[in-house]
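Below, all heavy atoms of this structure are taken into account, side chains as well, without hydrogens, waters or symmetry copies. In what follows, chains carry the letters A, B, and so on, assigned in the order in which the sequence lines appear, proteins first and then strands, with residues in each chain numbered from 1.
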There are 2 protein chains.
Amino acid sequence: MSQTPPPPLHLTAGRHTRPERTEGDLQHCLLCDRSRGGLCNGIDRDGLEALAHSSRRLILPPGSTMVEEGQSAESFFNITRGTVKLFKSLPDGRRQITGFADPGQFLGLSRSGLYAFGAETVDTVHACRFQRPQFEALLNDQPDLKRNLLAAVTDKLAEAQEQMLLLGRKTAREKVASFLLGRAQAEQTMLGDTPPDPTPVAPVPMTRVDIADYLGLTIETVSRTISALRREKLIASTENHSIRILLPEALRQIATGQTAI
Amino acid sequence: MSQTPPPPLHLTAGRHTRPERTEGDLQHCLLCDRSRGGLCNGIDRDGLEALAHSSRRLILPPGSTMVEEGQSAESFFNITRGTVKLFKSLPDGRRQITGFADPGQFLGLSRSGLYAFGAETVDTVHACRFQRPQFEALLNDQPDLKRNLLAAVTDKLAEAQEQMLLLGRKTAREKVASFLLGRAQAEQTMLGDTPPDPTPVAPVPMTRVDIADYLGLTIETVSRTISALRREKLIASTENHSIRILLPEALRQIATGQTAI
DNA sequence: GGAGTGTTTTGACATAAATCAATAACGGGG
DNA sequence: CCCCGTTATTGATTTATGTCAAAACACTCC
């Protein structure tokens with residue numbers, strides 16, 4: 001809703017740095033995030049203290065279960081480092097990853113009191129956990145927190161709608177192009193206001209299985225499609241689970257279906 | 001978020017009736033809804049007065065554009081009668097319907113100030129329109145409204161995740177079965193606390209094109225699949241754009257992929 | 001550093017759903 | 001009530017993506 005949210009209240013002086021380099025601040029379970037979606041924008045010192053005191057830091061190895069579908073929704077999490085996958089499953093094991101939560105994102109909201117989805121860490125994840133009753137209390141005491149959360153959920157809903165368009169109407173090629181651009185965008189958002197890279201890098205810490213389950217494809221199709229894009233010199237693999245986007249504009253054309261091939 | 005929301009505040013005495021039969025009350029742009037998602041739960045008389053005075057009733061013929069993707073988000077709507085389709089499109093015209101808004105549902109939230117989706121009436125729709133600034137003000141004055149809205153958006157997000165599972169991982173048959181059950185559920189929710197029908201009716205005011213765009217299929221596949229279900233006596237067409245579910249449990253098995261055929 | 005396990009890539013083939021095409025049913029206006 | 005445009009159904013065929021299979025690659029742990 002908030003069309004013009006108040007400027008973010010920075011806990012550290014000056015320009016924000018990458019999450020990895022703010023370890024000290026993370027002790028208070030920093031909820032501030034320079035990007036859209038920061039939950040603590042406009043919250044006063046006392047409020048931030050209250051937030052800090054109702055949360056506990058967690059460090060989770062890759063493949064940890066954070067949330068199980070159907071279980072009682074006891075916790076609300078804010079991710080400060082690493083990537084979490086959220087998913088829904090069918091009884092026979094088919095799985096749809098509904099999104100990846102990167103640093104600055106939250107997870108754990110529930111209407112019914114039961115989690116409607118599962119969540120598992122992709123890599124090593126640092127997160128802050130709030131117990132539900134305490135978080136509800138904070139929400140009532142801090143109108144700005146409630147408002148920021150509403151804005152953040154509204155954002156997630158828009159993202160979900162975009163993903164529905166992808167799942168229902170895009171080809172494999174368009175899906176993969178969209179995914180890579182989305183990952184590069186997430187990285188850009190996390191980096192903060194740095195100059196835009198003409199050949200941005202998409203961090204891909206997840207396996208082909210996860211990508212396939214996110215795009216509604218099989219691992220073979222994902223692999224083949226990435227290979228094709230590489231062969232066409234639109235992208236290039238870099239070290240440690242990243243893909244460099246050599247021609248972002250061309251990829252964007254593909255992602256939005258504006259290309260014949 | 002609200003695990004145990006306050007009981008709904010009924011504007012009419014006694015048990016709620018169908019939206020169609022509460023024309024008188026709708027003059028105040030009734031935001032109350034007996035089902036989950038009611039926006040005015042717990043709001044006091046003064047608050048309801050304020051809500052009523054900031055909204056205008058609209059009656060829209062079928063096929064009216066309520067919201068255009070990319071346009072400035074000036075209004076927030078609450079549907080009181082009829083069905084609205086929300087969708088996203090690709091430049092070449094491919095379209096994904098991301099949801100249908102039935103009576104009691106809202107639409108028009110935006111984070112960026114621009115609508116991220118389009119919305120068009122399916123049949124004749126009665127809605128209440130709030131101007132954005134006034135609605136924002138109401139939101140700030142009425143903590144319960146903000147909380148209810150957060151709960152409602154959280155609900156929509158869960159729905160979106162369910163739809164992503166459908167779009168990414170279900171077969172045509174499973175998609176159509178899920179759709180019919182969802183429609184029947186929506187009708188049940190709208191009817192309020194009436195005894196559950198052993199052969200519920202799914203209202204289907206939308207065309208095959210809309211169903212196809214909602215399920216990520218073509219109209220031919222939708223038609224063939226409905227025909228097959230009818231041939232198998234799992235469903236039966238009734239009068240005026242409705243489908244009766246003859247074997248809800250069997251259909252549920254199909255919808256969740258728990259059937260070999 | 002090499003065995004061993006898991007992941008990714010590539011290839012050959014199968015199939016669910018799309019596309020193309022024709023007919024049938026519906027529904028609103030004269 | 002019947003015509004005519006729209007929408008839905010059914011059929012024949014194609015195709016994008018899935019499935020099955022095998023090879024290549026990349027870690028990890030002795």
Exercise. Out of Leu247(A), Thr199(A), Ile243(A), Leu246(A), which residue meets the side-chain contact (heavy atoms from CB on, under 4.5 Å) rule with Ile235(A)?
Worked result: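 For Ile235(A), the side-chain contact (heavy atoms from CB on, under 4.5 Å) check succeeds only for Ile243(A).
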
For this session: Would you please name every residue forming a salt bridge (charged side-chain N to carboxylate O under 4.0 Å, His left out) with Glu68(A), sequence neighbours left out?
Result: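 Result, salt bridge (charged side-chain N to carboxylate O under 4.0 Å, His left out) vs Glu68(A): none returned.
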
Exercise. What residues form a salt bridge (charged side-chain N to carboxylate O under 4.0 Å, His left out) with Asp102(A), not counting sequence neighbours?
Worked result: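 Arg183(A).
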
Euclidean distance, atom [atom1] of residue [X] to atom [atom2] of [N] [Å, nearest integer]:
| X | N | atom1 | atom2 | answer |
| --- | --- | --- | --- | --- |
| Arg231(A) | dT9(C) | CZ | P | 11 Å |
| Ile226(A) | dT10(C) | CD1 | P | 11 Å |
| Ile219(A) | dG6(C) | CD1 | P | 14 Å |
| Asp213(A) | dT8(C) | CG | C1' | 16 Å |
| Leu215(B) | dA16(C) | CG | C1' | 16 Å |
| Leu229(B) | dA8(D) | CG | P | 17 Å |
| Leu167(A) | dT17(D) | CG | P | 13 Å |
| Met206(B) | dT7(D) | CE | P | 15 Å |

Once rounded to the nearest 0.5 Å, what's the spacing between atom [atom1] of [X] and atom [atom2] of [Y]?
| X | Y | atom1 | atom2 | value |
| --- | --- | --- | --- | --- |
| Leu90(B) | Gln258(A) | CG | CD | 8.5 Å |
| Arg173(A) | Ile254(A) | CZ | CD1 | 4.0 Å |
| Thr221(B) | Ile226(B) | OG1 | CD1 | 11.0 Å |
| Ser223(A) | Ile211(A) | OG | CD1 | 9.5 Å |

Exercise. Do the non-hydrogen side-chain atoms of Leu251(A) and Leu229(A) ever get within less than 4.5 Å of each other?
Worked result: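 Yes, close enough: below the 4.5 Å cut-off.
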
For this session: Hey, can you tell me if Phe179(B) and Tyr214(B) have their rings parallel, tilted or perpendicular (30° and 60° cut-offs)?
Result: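 If you compare the ring of Phe179(B) with that of Tyr214(B), the planes turn out perpendicular.
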
Exercise. Got a sec? Which of residues 170-180 of chain A come in under 4.0 Å of DNA chain D, heavy atoms?
Worked result: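 Contacting residues: Thr171(A), Ala172(A).
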
For this session: Five pairs at each end of the helix from dG1(C)-dC30(D) to dG30(C)-dC1(D): take the axis at both ends and give me the angle between them to 10°.
Result: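 Computed angle between terminal axes is 50°.
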
Tell me whether [X] contacts the main-chain N or O of [Y] through its side chain, where contact means a donor paired with an acceptor under 3.5 Å.
| X | Y | result |
| --- | --- | --- |
| Thr121(B) | Thr124(B) | no |
| Arg95(A) | Leu165(B) | no |
| Lys170(A) | Gly257(A) | no |

Problem set entry | Polar contact flag, side-chain donor to acceptor under 3.5 angstrom, Glu174(B)-Ser178(B) |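 Ser178(B) and Glu174(B) do not have a side-chain donor-acceptor pair below 3.5 Å.
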
Problem set entry | side-chain contact (heavy atoms from CB on, under 4.5 Å) evaluation trace for Glu249(B) with Gln253(B) | CA-CA 6 Å; Glu249(B) 200 37 58; Gln253(B) 294 277 106; 4.0 Å; yes

Under 3.5 Å between N/O atoms: give me all the protein pairs with nucleotides 25-27 of chain D, atom names plus distance.
none

Problem set entry | Touch class at under 4.0 angstrom, heavy-atom based, for Ser223(A) against every strand present |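 Touches a base.
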
Please list, for nucleotides 18-20 of chain D, all pairs of protein and nucleotide N/O atoms separated by less than 3.5 Å.
unit_1	atom_1	unit_2	atom_2	d
dG18(D)	OP2	Thr218(A)	N	3.3
dG18(D)	OP2	Thr218(A)	OG1	3.2
dG18(D)	OP2	Thr221(A)	OG1	2.6
dT19(D)	O4	Arg224(A)	NH2	2.8
dC20(D)	N4	Glu220(A)	OE2	2.9

